Each structure stands twice: as structure tokens, then as C-alpha cells.
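Remarks on the structure that follows.
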Amino acid sequence: MNLFCIPHLGGYSSSFAPWKRKIDSSITIRPLELPGRGARMSEPLCGDFSSAAEDMYRKISQTVERGEKYAILGHSMGALLAYEVTVLIQQSVMQQPDILFLSGRCPPHIVLDEPLLHDQSDREILEHLFKFDSIPEELLVNQELQKVFLPILKMDYKILADYKPSSTVVKCPIRVLGGIDDVGVKESHLSQWQEYTTGPFKLHMLEGDHFFIYENSEAVMKLVSEQLEI
């Protein structure tokens, strides 16, 4: 079973590297990298959400063989990308994923009270992210790191601000994951992802804040492995 993983806003595929060593051997972790970062640093950043979703769709469609079982997992902004990628898959001749895992993000119809950070100064962006433990303290003072990460963060915030959801209902099962201590993503909001599938739906709340998927990775991987055995 292939599990394609899409990271959070500003994230890299390397976020899922530890999973390769720890998850059940029957599951192959395939982290996806958006253009302009990590192994794809030489490529231009995606300028809009649709381009990012289409890029992820191409990567998955080029990897999955006919009849091969696979699942998709996305965290935070990556959850919205995973949903839109699944919509593109449903509109194609490609087989549906066995399960769509959506982590740490409300469904598209729920508008969050989020600042439009792509229009803010570099310092305002960094201070906002540091306030919510989204970046290491080193990034606040290291200008070389800022040169690498800030363009990625700004563009990701821009494409998220410009995101126009399709609101399409998918046919595959959806499993939603949330952090019990995530102050920005409520369980009552996460439960509304049920409206986006005609297939089976389950919501799982796990210990941790917004980045529970990495900080509580053992519990997350156990849950994912159990769901993929169904």
C-alpha cells in the first residue's frame, strides 16, 4: 500500500521522513514535495492553489500502477490539497484512493479567522508563526534561513488566501485526524468533513496541538496503519 503524504503550509516532504522507518512494513510512505522547496528547490513556486493540486495529482498518477492500492494523507494546508487532488482523481480515469486522510484542517466551507499574512512584512509573518510554535526560534534571527523559507511561506499563504474550493463530494472513505489541543481547528468543524464524501467517514482526535501529526507520530502511524488494514 502506497501512502502519499502532503505536508503543511511552508512544509517539506522531509517532515514525513521518520515515518518511513517506523510505520508498518506493508505501507510505503511516499512524501510529496511541492515545487520550489526541498528536492525541487530549483523549480518555481506554484502561483495558485489549482496549480499546486494539479502538480500533486501528476506526481501521484505517475506513480500508481493500474489496480495498485494507495491512500492520500494531507496535514493542514496539505489536507485541502489532498482533498482537491482526490477531486481531480475522481474526474479522471484513475482509480480512487482507498482512503483519504485529512489532518488538522477544517473543511473548505468553514472560513477561519486567519490573518492575510502574505501581505504582511517579513517580521510580522515570523512573529505570528513563532507565537503559535509554527517555526523554530532560529528562523527569527538567521537571515540566511529567512531567505530560503520566507518566499515559500509567503507564496503558500497567498495561494491559501486565493483558494476557491470545488465543494465536490468524493466517493472514497475519509478519515479525519485532529489534535485535542489545537486551538485553531475545532472538533465540531472537523466533523463537517463528513459532508464531503458518500463513503464511510470517521473522525479521530489525538493528543497534541496543531502539529500533533509530527509530535505524536507514533499514535498517528498506529491509527493510519490500522485504518489501512480495513
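The residues of the chain are indexed from 1 along the displayed sequence. Since the model is a prediction, treat every value here as computed from it, not as a measurement.
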Are any side-chain N or O atoms of Y70 and backbone N or O atoms of Q95, one a donor and one an acceptor, separated by less than 3.5 Å?
yes
So, do F49 and L81 sit near enough that their side-chain heavy atoms are less than 4.5 Å apart?
yes
Could you state the interatomic distance from OG1 (T86) to CG (L102), rounded to the nearest 0.5 Å?
7.5 Å
Can you list the steps and then say if V148 with M41 is a side chain to side chain contact (heavy atoms under 4.5 Å, CB included)?
CA-CA 9 Å; V148 174; M41 185 65 77; 3.9 Å; yes
At their closest point, which heavy atom of P151 faces which heavy atom of Q146, and how far apart are they?
CD-O, 3.8 Å
Look up atom CG in L73 and atom CG in L177, then write down how far apart they are to the nearest 0.5 Å.
7.0 Å
Reported CD1-to-CE distance for the pair I27 and M221, which is rounded to 0.5 angstrom
10.0 Å
Flag the pair I89 / Y57 as yes when at least one side-chain heavy-atom distance between them is below 4.5 Å, and no otherwise.
yes
Got Y163 and P108 here, is their nearest side-chain heavy-atom distance under 4.5 Å?
yes
Counting N and O atoms only, with roles assigned by atom type, does the side chain of E84 sit under 3.5 Å from a partner on the main chain of S166, one being a donor and the other an acceptor?
yes
Spacing of CD1 belonging to I6 relative to CG belonging to L34, to within rounding of 0.5 Å
7.5 Å
So, for C5 and I29, which heavy atoms are closest and what is the spacing to 0.1 Å?
SG-CG2, 4.1 Å
Is any side-chain heavy atom of V224 less than 4.5 Å from a side-chain heavy atom of I99?
no
When R105, H210, H8 are each screened for side-chain hydrogen bond (donor to acceptor under 3.5 Å, both in side chains) with S76, the one that passes is H210
On a heavy-atom basis, the closest approach of G36 and I152 is O-CD1, 3.6 Å
Describe, in one word, how the ring planes of F212 and H75 are oriented to each other, choosing from parallel (under 30°), tilted (30 to 60°) and perpendicular (over 60°).
perpendicular
Minimal non-hydrogen separation, M1 against A71, with atom names:
SD-N, 3.9 Å
Using a 3.5 Å distance criterion without hydrogens, assess whether the side chain of T197 forms a donor-acceptor pair with backbone atoms of C172.
yes
R37 vs D156 side-chain heavy atoms within contact, under 4.5 Å:
yes
Does the ring centre of F4 sit less than 6.0 Å away from the ring centre of F16?
no
May I ask you to decide if Q96's main-chain N or O and Q90's side chain share a donor-acceptor pair within less than 3.5 Å?
no
Is I60 close to L32 at the side-chain level, that is, under 4.5 Å between some pair of heavy atoms?
yes
Looking at side-chain heavy atoms only, is the closest gap between K202 and L223 below 4.5 Å?
no
Please determine if E226 and K222 form a salt bridge, counting it only when a charged side-chain N lies under 4.0 Å from a carboxylate O.
yes
Under the side chain to side chain contact (heavy atoms under 4.5 Å, CB included) rule, what do D209 and V183 come out as? Steps first, then yes or no, please.
CA-CA 7 Å; D209 56 22; V183 296; over 6 Å; no
In terms of heavy-atom contacts, C106 and H189 come closest through SG-CB, 3.5 Å
So H204 and F101, side chain to side chain contact (heavy atoms under 4.5 Å, CB included) or not? Walk me through it.
CA-CA 10 Å; H204 306 270; F101 293 97; over 6 Å; no
Nearest heavy atoms of G104 and V185, plus distance in Å:
O-CG2, 3.7 Å
Can you find a pair of side-chain heavy atoms, one from F211 and one from S15, that are under 4.5 Å apart?
no
Separation between CD1 of I180 and CG of N216, rounded to the nearest 0.5 Å:
9.0 Å
In this structure, NZ of K164 is separated from CG of D48 (nearest 0.5 Å) by 9.5 Å
Near E195 CD, under 6.0 Å, is it more than 12 heavy atoms from other residues, nucleotides or ligands?
yes
Keeping the roles fixed (side chain from E33, backbone from S13), state whether a donor-acceptor pair exists under 3.5 Å.
yes
Could you give me the CA-CA distance, side-chain angles and deciding distance for Y196 and V87, then say whether side chain to side chain contact (heavy atoms under 4.5 Å, CB included) is met?
CA-CA 10 Å; Y196 288 78; V87 170; over 6 Å; no
Given the rule that I, L, V, M, F, W and Y join up when any side-chain heavy atoms are under 4.5 Å apart, are L203 and V169 in one cluster?
no
